[in-house]
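One structure is given below, encoded as structure tokens.
Numbers here are sequence positions counted from 1.
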Amino acid sequence: IRRALGLAIDREAIPAALQGGQLAARGWIPPGIDGYDSGAQLTGTLYDARGALSRAGYTEGQGFPKLKLWVEKFDGAEALKDFIVKALREKLGIELDAHIGSPAEYQRTLKDGGASLFVGHWGADFPDPAGFFDVFVSGSGTNSTGWTNKNYDQSAEAARATPDAKARIVAYREAERLLLQSDVVIL
């Protein structure tokens with residue numbers, strides 16, 4: 001289901017929807033930080049998205065439960081919410097109950113598990129991949145997804161534990177592959 005949702009949202013079209021000069025993300029690590037160009041991004045077609053949804057038992061979205069989408073209030077929140085709602089409705093037949101909330105309301109909803117999908121953002125405290133990958137380690141207080149994967153945890157730990165720059169990047173690339181391609185936790 002996560003693969004279907006991820007493939008139905010055209011990541012390249014998000015900057016145009018926001019109309020603010022943004023660039024489409026190509027991975028979890030932003031430009032300027034070691035390892036940012038890993039190539040680990042979700043790829044596939046709308047046909048692949050519909051096939052994944054059908055294999056999950058929801059051909060053309062039939063019988064799919066209404067998901068709750070939450071977006072924290074920001075200048076482009078309404079446009080981004082509308083973009084996601086339209087993409088999932090038109091491409092997969094999935095309806096969303098979409099909300100834009102104040103920072104406090106948004107955080108409370110995530111903490112309480114009230115969001116099926118959410119638009120989040122992250123900025124690291126220092127320019128190192130660890131500041132990004134630690135977000136999704138099992139048990140992390142910043143992991144609002146509830147997702148856990150022991151292989152991801154092991155890759156992130158291996159990267160943190162080695163002083164070898166090349167070995168760190170290899171370990172982080174495996175973690176990013178799990179996050180973006182294999183388990184499709186984030187888009």
Side-chain angles (χ1 to χ4, degrees), residues 1-7 9 11 14 25-43 52 56 64-74 77 80-81 84 88 94 96-187:
I1 291 173
R2 291 190 307 251
R3 177 172 304 285
L5 298 175
L7 289 172
I9 297 171
R11 183 183 64 251
I14 292 172
R26 303 268 189 270
W28 179 227
I29 302 299
I33 296 181
D34 288 342
Y36 84 93
D37 192 15
S38 73
Q41 53 184 292
L42 183 62
T43 58
F64 197 86
K66 188 177 268 192
L67 300 176
K68 292 183 181 181
L69 169 68
W70 276 83
V71 181
E72 185 175 358
K73 187 167 181 59
F74 73 97
L80 186 55
K81 173 188 70 82
I84 294 169
L88 295 181
I94 292 175
L96 300 178
D97 180 13
H99 305 271
I100 297 173
S102 69
E105 183 180 22
Y106 173 84
Q107 290 299 325
R108 186 173 46 255
T109 300
L110 295 186
K111 182 180 179 193
D112 294 344
S116 311
L117 304 170
F118 61 91
V119 174
H121 59 273
W122 185 256
D125 295 332
F126 52 93
D128 187 87
F132 292 89
F133 287 101
D134 288 352
V135 170
F136 294 102
V137 171
S138 300
S140 168
T142 55
N143 185 357
S144 299
T145 67
W147 172 77
T148 63
N149 181 308
K150 67 178 180 160
N151 294 327
Y152 178 90
D153 293 346
Q154 290 169 349
S155 291
E157 177 57 35
R160 276 193 309 276
T162 183
D164 182 292
K166 287 183 182 180
R168 288 184 84 226
I169 297 304
V170 168
Y172 280 134
R173 284 191 174 163
E174 174 57 16
E176 190 171 30
R177 186 192 66 73
L178 290 166
L179 192 63
L180 299 175
Q181 292 174 321
S182 176
D183 290 7
V184 194
V185 180
I186 62 172
L187 174 67

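- T109 places a side-chain N or O within 3.5 Å of a backbone atom of E105 that can act as its donor or acceptor partner.
- Using a 4.5 Å cut-off on side-chain heavy atoms (C-beta onward), V185 and Y152 make no contact.
- Here the shortest heavy-atom pairing between R2 and D183 reads NE-O, 2.7 Å.
- Classification of the Y106-F118 ring pair by plane angle, with boundaries at 30° and 60°, yields perpendicular.
- Legend: residues meeting salt bridge (charged side-chain N to carboxylate O under 4.0 Å, His left out) with D128, ordered by chain and number and at least two apart, are R168.
- Side chains of W28 and I186 form a contact here, defined as non-hydrogen atoms less than 4.5 Å apart.
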Carefully, step by step, assess L67 and L88 under the rule side-chain contact (heavy atoms from CB on, under 4.5 Å).
CA-CA 10 Å; L67 300 176; L88 295 181; 5.5 Å; no
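- Using a 4.0 Å cut-off between charged side-chain N and carboxylate O, E176 and R173 make no salt bridge.
- Using a 4.5 Å heavy-atom cutoff, the side chains of K150 and S138 are not in contact.
- Looking only at side-chain heavy atoms (C-beta outward), V137 and R160 come within less than 4.5 Å of each other.
- R177 and E174 are joined by a salt bridge, as a carboxylate oxygen and a charged side-chain nitrogen come within less than 4.0 angstrom of each other.
- In this structure, the side chains of W70 and Q107 stay at 4.5 Å or more apart for every pair of heavy atoms.
- In this structure, K73 and S102 have side chains that are not in contact, with every pair of non-hydrogen atoms separated by 4.5 Å or more.
- Here the side chains of F133 and S155 are not in contact, with every heavy-atom distance at 4.5 Å or above.
- Formation of a donor-acceptor pair under 3.5 Å by the W147 side chain with backbone atoms of V184 is not found in this model.
- Residues R11 and Q41 have side chains in contact (heavy-atom distance under 4.5 Å, counting atoms from C-beta outward).
- Formation of a donor-acceptor pair under 3.5 Å by the N149 side chain with backbone atoms of N151 is found in this model.
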Please assess I9 against I14 for the test side-chain contact (heavy atoms from CB on, under 4.5 Å), listing each intermediate value before the final yes or no.
CA-CA 9 Å; I9 297 171; I14 292 172; 4.3 Å; yes
